[in-house]
Amino acid sequence: AKGRISLGPVLSASHTPSSVPSSLSSYVDPVNLTRRLIRYDISNPPKNDRECAGYLKSVLEEDSINRKLITVHPDRPTLIVRLPGQGNASPLPLQVHMNVVPAASDDWQNPPFEGTIVDSYLWGLGTLDLKSGIAMIVSTLIRTKSEYQALGRNPPGKLPSCEVRN
């Protein structure tokens with residue numbers, strides 16, 4: 001079906017944020033982050049991604065992850081994120097885009113910009129391409145940093161490096 005992703009195993013009791021180990025200083029729930037990202041109408045056109053990029057930057061700021069916004073066009077910034085490593089492995093570059101195609105609400109079973117969960121499915125524009133991917137990457141960055149910080153070291157290599165762009 002259009003604009004949905006199955007959350008069956010994700011929504012089970014064993015995957016709730018309260019079950020996250022206390023050693024993690026930070027945890028960003030990828031489902032809730034995806035829902036939040038779906039609520040940004042970053043349709044292309046008009047290509048206005050500034051507010052969403054600023055939100056992602058603020059999420060990463062909370063965990064002191066190296067990030068910067070580069071703006072060639074005021075409404076189309078690129079967010080670059082780097083997690084420093086030990087330098088003994090190759091970097092892992094990741095790149096995703098924020099924008100989505102325009103949507104007519106009449107074409108949707110559930111509103112395209114709400115991030116509605118119905119019967120263990122998350123509905124919304126960008127659930128498959130690519131707001132859920134952004135949420136997984138951001139969640140992974142925060143968790144990786146937190147877990148290695150608890151061990152008192154950096155991950156091997158520069159892992160990962162990410163660009164969120166248009």
Side-chain angles (χ1 to χ4, degrees), residues 5-7 9-44 47-101 113 115 122 124-166:
I5 189 169
S6 173
L7 299 175
V10 176
L11 293 178
S12 70
S14 64
H15 288 85
T16 60
S18 62
S19 69
V20 174
S22 61
S23 63
L24 296 178
S25 63
S26 298
Y27 175 76
V28 174
D29 177 16
V31 174
N32 287 332
L33 182 56
T34 301
R35 293 180 77 192
R36 171 77 178 174
L37 294 173
I38 288 169
R39 292 179 184 130
Y40 287 98
D41 181 354
I42 48 179
S43 300
N44 183 9
K47 305 178 185 175
N48 186 357
D49 307 332
R50 183 179 18 162
E51 189 178 340
C52 184
Y55 169 71
L56 286 168
K57 183 176 181 257
S58 71
V59 168
L60 294 161
E61 282 173 354
E62 291 176 20
D63 287 276
S64 302
I65 291 181
N66 185 354
R67 74 268 160 233
K68 66 181 173 179
L69 278 176
I70 296 175
T71 306
V72 175
H73 184 282
D75 293 329
R76 302 201 65 205
T78 296
L79 177 63
I80 297 178
V81 181
R82 287 201 171 84
L83 193 57
Q86 299 171 23
N88 57 357
S90 298
L92 175 63
L94 305 168
Q95 181 177 330
V96 295
H97 64 87
M98 283 187 285
N99 56 6
V100 294
V101 297
F113 297 107
L122 174 59
L125 187 57
T127 52
L128 298 174
D129 183 24
L130 195 64
K131 293 178 181 179
S132 61
I134 293 169
M136 287 184 280
I137 289 170
V138 168
S139 299
T140 299
L141 282 167
I142 292 170
R143 185 171 182 158
T144 299
K145 180 180 185 219
S146 182
E147 287 183 357
Y148 275 94
Q149 201 168 37
L151 297 172
R153 61 182 182 189
N154 288 331
K158 292 176 183 162
L159 172 77
S161 171
C162 178
E163 284 187 32
V164 180
R165 63 182 333 170
N166 300 303

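Every value quoted in this text rests on a predicted model; they were computed, and no experiment measured them.
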Q: How many angstroms lie between atom CG of L33 and atom CD1 of I142, to the nearest 0.5 angstrom?
A: 7.5 Å

Q: How many angstroms lie between atom CG of L79 and atom CD1 of I134, to the nearest 0.5 angstrom?
A: 9.5 Å

Q: Hey, what do you get for CG (L83) to CD1 (I65), rounding to the nearest 0.5 Å?
A: 6.0 Å

Q: For R39, which residues count as a side chain to side chain donor-acceptor pair (under 3.5 Å) partner, sequence neighbours excluded?
A: none

Q: Tell me, do H97 and D129 make a side-chain contact under 4.5 Å, heavy atoms counted?
A: yes

Q: Could you check whether any side-chain N or O of T144 sits under 3.5 Å from a backbone N or O of L141, counting only pairs where one atom can act as donor and the other as acceptor?
A: no

Q: Please list, chain by chain and in numerical order, all residues satisfying salt bridge (charged side-chain N to carboxylate O under 4.0 Å, His left out) with R35, sequence neighbours excluded.
A: none

Q: Kindly give the heavy-atom pair with the smallest separation between L69 and A53, and that separation in Å.
A: CD2-CB, 3.8 Å

Q: Rounded to the nearest 0.5 Å, what separates atom CE in M98 from atom CG in N44?
A: 11.0 Å

Q: Could you grab the distance from atom CD of Q86 to atom CG of N154, nearest 0.5 Å is fine?
A: 6.5 Å

Q: Of all the heavy-atom pairs spanning V138 and L60, show the shortest one and how long it is.
A: CG1-CD2, 4.1 Å

Q: Are Y40 and D49 packed together at the side-chain level, in the sense that at least one heavy-atom pair is separated by less than 4.5 angstrom?
A: no

Q: I'd like to check the side chain to side chain donor-acceptor pair (under 3.5 Å) partners of D41; sequence neighbours left out, ordered by chain and number.
A: S43

Q: Working to the nearest 0.5 Å, report the span between CZ of R76 and CD1 of I42.
A: 10.5 Å

Q: Does a side-chain heavy-atom distance below 4.5 Å link I137 with V81?
A: no

Q: Grab the two heavy atoms, one from C52 and one from L37, that are nearest each other, plus how far apart they are.
A: SG-CD2, 3.7 Å

Q: If you take all heavy atoms of P77 and T71, which pair is closest and at what distance?
A: CB-OG1, 3.8 Å

Q: Quick one: closest heavy-atom pair of K131 and T34, and the distance?
A: O-OG1, 4.1 Å

Q: Specify the closest pair of heavy atoms between V28 and V59, including all atoms of both residues, with the distance to one decimal.
A: CG2-CG1, 4.2 Å

